[in-house]
Asker: 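Have a look at the structure that comes next, please.
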2 protein chains.
Amino acid sequence: MARPLRHPTRDEIELPLVLDCLSDPIRLAIVYQLAQHQRDGTELCCGDFNELSGKSNLAYHFTKLRDAGLMQTRIVGTNRLMKLRREDLDARFPGLIDAVIKSAARDAGRLSLVAECEIADTD
Amino acid sequence: MARPLRHPTRDEIELPLVLDCLSDPIRLAIVYQLAQHQRDGTELCCGDFNELSGKSNLAYHFTKLRDAGLMQTRIVGTNRLMKLRREDLDARFPGLIDAVIKSAARDAGRLSLVAECEIADTD
DNA sequence: TTCCTTGTTCAAGGTTTATTGAACTATTGA
DNA sequence: TCAATAGTTCAATAAACCTTGAACAAGGAA
């Protein structure tokens with residue numbers, strides 16, 4: 001399981017692939033949650049998204065997000081810690097991720113960006 | 001041919017559908033060209049995109065763009081005049097279209113946003 | 001009217017996608 | 001060593017997607 005994961009370099013990140021990733025509701029929710037937790041420096045692991053779908057389906061979406069250059073994954077023990085590649089994305093496509101995250105936040109009601117229980121406790 | 005075309009209202013425009021539209025290279029090129037010509041108030045007709053693909057394939061993409069709320073089409077004689085729904089999009093998703101257009105412009109080389117001949121005469 | 005132009009619609013095709021469950025690997029902890 | 005945990009990979013399936021060409025509809029010009 002310690003196979004090195006391939007990530008595209010900054011320059012290899014392609015706009016259509018990024019937009020395609022963001023156009024899927026589950027992937028948008030993943031990116032949204034990564035963006036939220038990025039602000040306090042937290043990395044998330046696969047299990048943190050279990051409310052969004054089944055494990056194998058999530059693994060499929062994680063691969064797409066990693067291949068498109070949206071997120072970085074590092075392996076720590078039996079966990080995968082993931083974070084948004086914000087600096088790279090901002091450098092390649094200034095303002096894009098920001099606009100998407102903010103637009104998603106405004107439409108949070110229709111988009112189901114988080115699990116039901118997480119919506120409940122908005123303390 | 002004078003059937004009224006259905007356009008979603010501003011509020012009905014959905015983020016995932018918009019991003020999905022923009023993730024296809026042909027549709028991104030259409031939106032890009034609409035955005036360029038919008039600045040001088042020009043509307044474009046279907047034929048203006050003939051270099052991008054065949055007519056029936058373009059009609060398919062036009063329908064998707066219209067259904068997603070990205071562009072408005074009005075019928076004038078035997079032509080369809082199309083424009084970007086910039087105000088509606090900016091109201092729903094501030095900064096998004098701008099970031100996408102600018103990112104596309106930067107990557108113009110890889111994206112083939114215009115026909116070969118148009119790239120040639122950059123006068 | 002007749003033809004030409006503009007553009008849509010339809011059916012068919014091949015491709016890619018998202019989703020599932022079962023089987024598997026690797027690490028941790030008892 | 002053994003079991004539990006975290007996550008991947010594989011095969012299968014149904015749905016959606018993009019593309020093509022042929023047939024169609026409507027307006028403008030001769």
Side-chain angles (χ1 to χ4, degrees), chain A residues 1-7 14 16-31 33-34 42-68 70-83 111-112 115, chain B residues 1-7 14 16-31 33-34 42-68 70-83 111-112 115:
Chain A
M1 218 180 197
R3 183 133 351 105
L5 300 173
R6 207 175 37 249
H7 295 81
E14 302 280 359
L17 284 180
V18 167
L19 294 172
D20 181 56
C21 272
L22 296 169
S23 74
D24 178 273
I26 290 185
R27 289 192 296 262
L28 180 58
I30 293 171
V31 168
Q33 290 184 221
L34 286 175
T42 328
E43 286 170 296
L44 295 179
C45 67
C46 302
D48 291 323
F49 302 95
N50 281 340
E51 303 91 347
L52 293 173
S53 185
K55 275 165 49 156
S56 66
N57 186 227
L58 285 176
Y60 163 75
H61 289 300
F62 292 148
T63 304
K64 283 213 111 180
L65 286 165
R66 205 179 51 238
D67 287 349
L70 272 137
M71 69 183 209
Q72 179 113 39
T73 306
R74 68 190 181 97
I75 302 178
V76 174
T78 171
N79 294 295
R80 262 102 161 122
L81 297 185
M82 302 179 286
K83 61 171 184 176
L111 290 177
S112 68
Chain B
M1 219 178 196
R3 183 128 356 102
L5 299 173
R6 203 172 42 247
H7 295 81
E14 301 279 0
L17 285 180
V18 167
L19 294 172
D20 181 56
C21 272
L22 296 168
S23 74
D24 178 273
I26 291 186
R27 289 193 295 262
L28 180 58
I30 293 171
V31 168
Q33 290 186 220
L34 286 175
T42 329
E43 284 169 296
L44 295 179
C45 67
C46 302
D48 291 324
F49 301 96
N50 281 340
E51 302 92 347
L52 292 174
S53 185
K55 277 165 46 156
S56 66
N57 187 226
L58 286 176
Y60 163 76
H61 288 300
F62 292 147
T63 304
K64 282 212 112 181
L65 286 165
R66 207 179 50 238
D67 285 350
L70 272 139
M71 69 183 209
Q72 179 113 40
T73 307
R74 68 191 181 98
I75 302 178
V76 175
T78 170
N79 294 295
R80 260 101 161 124
L81 298 185
M82 302 179 287
K83 62 171 185 177
L111 290 177
S112 69

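Remember, predicted model here, so these are calculated numbers, not experimental data. Just so it is clear: chains get the letters A, B, ... in the order the sequence lines come, proteins before strands, and each one is counted from 1.
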Asker: Side chain of B:Thr78 only, please: which of C:dT5, D:dT9, C:dT28 is the nearest?
Answerer: C:dT5
Asker: To the nearest Å, give me how far apart CZ (B:Arg6) and P (C:dT8) are.
Answerer: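 Value for this atom pair: 16 Å.
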Asker: According to side-chain contact (heavy atoms from CB on, under 4.5 Å), who are the partners of B:Leu17, at least two apart in sequence or on a separate chain?
Answerer: B:Glu14, B:Ala68
Asker: Expressed as a whole number of angstroms, how long is the span from B:Arg27:CZ to D:dA16:C1'?
Answerer: 12 Å
Asker: Which atoms of nucleotides 19-21 of chain C (N or O only) lie under 3.5 Å from a protein N or O atom, and what are those distances?
Answerer:
residue : atom : partner : partner atom : Å
C:dT19  : OP2  : A:Asn57 : OD1          : 3.2
C:dT19  : OP2  : A:His61 : NE2          : 2.8
C:dG21  : N7   : A:Ser56 : OG           : 3.4
C:dG21  : O6   : A:Ser56 : OG           : 3.2

Asker: Is any NZ, NE, NH1 or NH2 atom of the basic residue among B:Asp20 and B:Lys64 found under 4.0 Å from an Asp or Glu carboxylate oxygen of the other?
Answerer: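 Between B:Lys64 and B:Asp20 there is a salt bridge, with a charged N closer than 4.0 Å to a carboxylate O.
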Asker: For B:Arg80 and C:dT6, is the shortest distance between a side-chain N/O and OP1 or OP2 below 4.0 Å?
Answerer: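 No, outside the criterion.
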Asker: Could you check how far CE of B:Met71 sits from P of C:dG7, rounded to whole Å?
Answerer: 11 Å
Asker: What heavy-atom pair brings A:Lys83 and A:Leu34 nearest, and what distance separates the two atoms?
Answerer: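 Of all heavy-atom pairs spanning A:Lys83 and A:Leu34, the closest is CA-CD2, 4.2 Å.
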Asker: Could you check how far CZ of A:Arg74 sits from P of D:dA6, rounded to whole Å?
Answerer: 17 Å
Asker: Output all residues satisfying ring-ring contact (aromatic ring centres under 6.0 Å, His included) with B:Tyr60, sequence neighbours left out; order by chain, then residue number.
Answerer: none
Asker: Taking atom C1' of D:dA6 as reference, at what distance in whole Å does atom CG of A:Leu5 sit?
Answerer: 14 Å
Asker: Could you tell me whether the side chain of A:His7 and the main chain of A:Arg66 form a donor-acceptor pair under 3.5 Å?
Answerer: no
Asker: Can any side-chain N or O of A:Asp24 pair as donor or acceptor with the backbone N or O of A:Cys21 at less than 3.5 Å?
Answerer: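 Judged by distance alone, no pair lies under 3.5 Å.
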Asker: If you only use heavy atoms from C-beta on, which nucleotide in D:dT8, C:dT8, C:dA18 is closest to the side chain of A:Cys46?
Answerer: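 Out of D:dT8, C:dT8, C:dA18, the nucleotide with an atom closest to A:Cys46's side chain is D:dT8.
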Asker: Between A:Asn79 and D:dG7, is there a side-chain N or O to OP1/OP2 distance below 4.0 Å?
Answerer: yes
Asker: Round to the nearest Å and state the distance from A:Asp20 atom CG to C:dT16 atom P.
Answerer: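 Distance, rounded to whole Å: 13 Å.
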Asker: Find out whether B:Ile30 and B:Leu58 are in side-chain contact, i.e. whether some heavy atom of one side chain is under 4.5 Å from a heavy atom of the other.
Answerer: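 In short, these two side chains touch, coming nearer than 4.5 Å.
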Asker: Roughly how many Å is it from CD1 in B:Ile75 to P in D:dA26, rounded to a whole number?
Answerer: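 Spelled out: CD1 on B:Ile75 to P on D:dA26 is 11 Å.
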Asker: Taking 4.0 Å as the cut-off, does a side-chain nitrogen or oxygen of A:Lys55 come that near to OP1 or OP2 on D:dT5?
Answerer: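 So the side chain of A:Lys55 is outside the cut-off, no N or O lying under 4.0 Å from OP1 or OP2 of D:dT5.
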Asker: Just the rounded figure in Å: distance from P of C:dT8 to NZ of B:Lys64.
Answerer: 16 Å
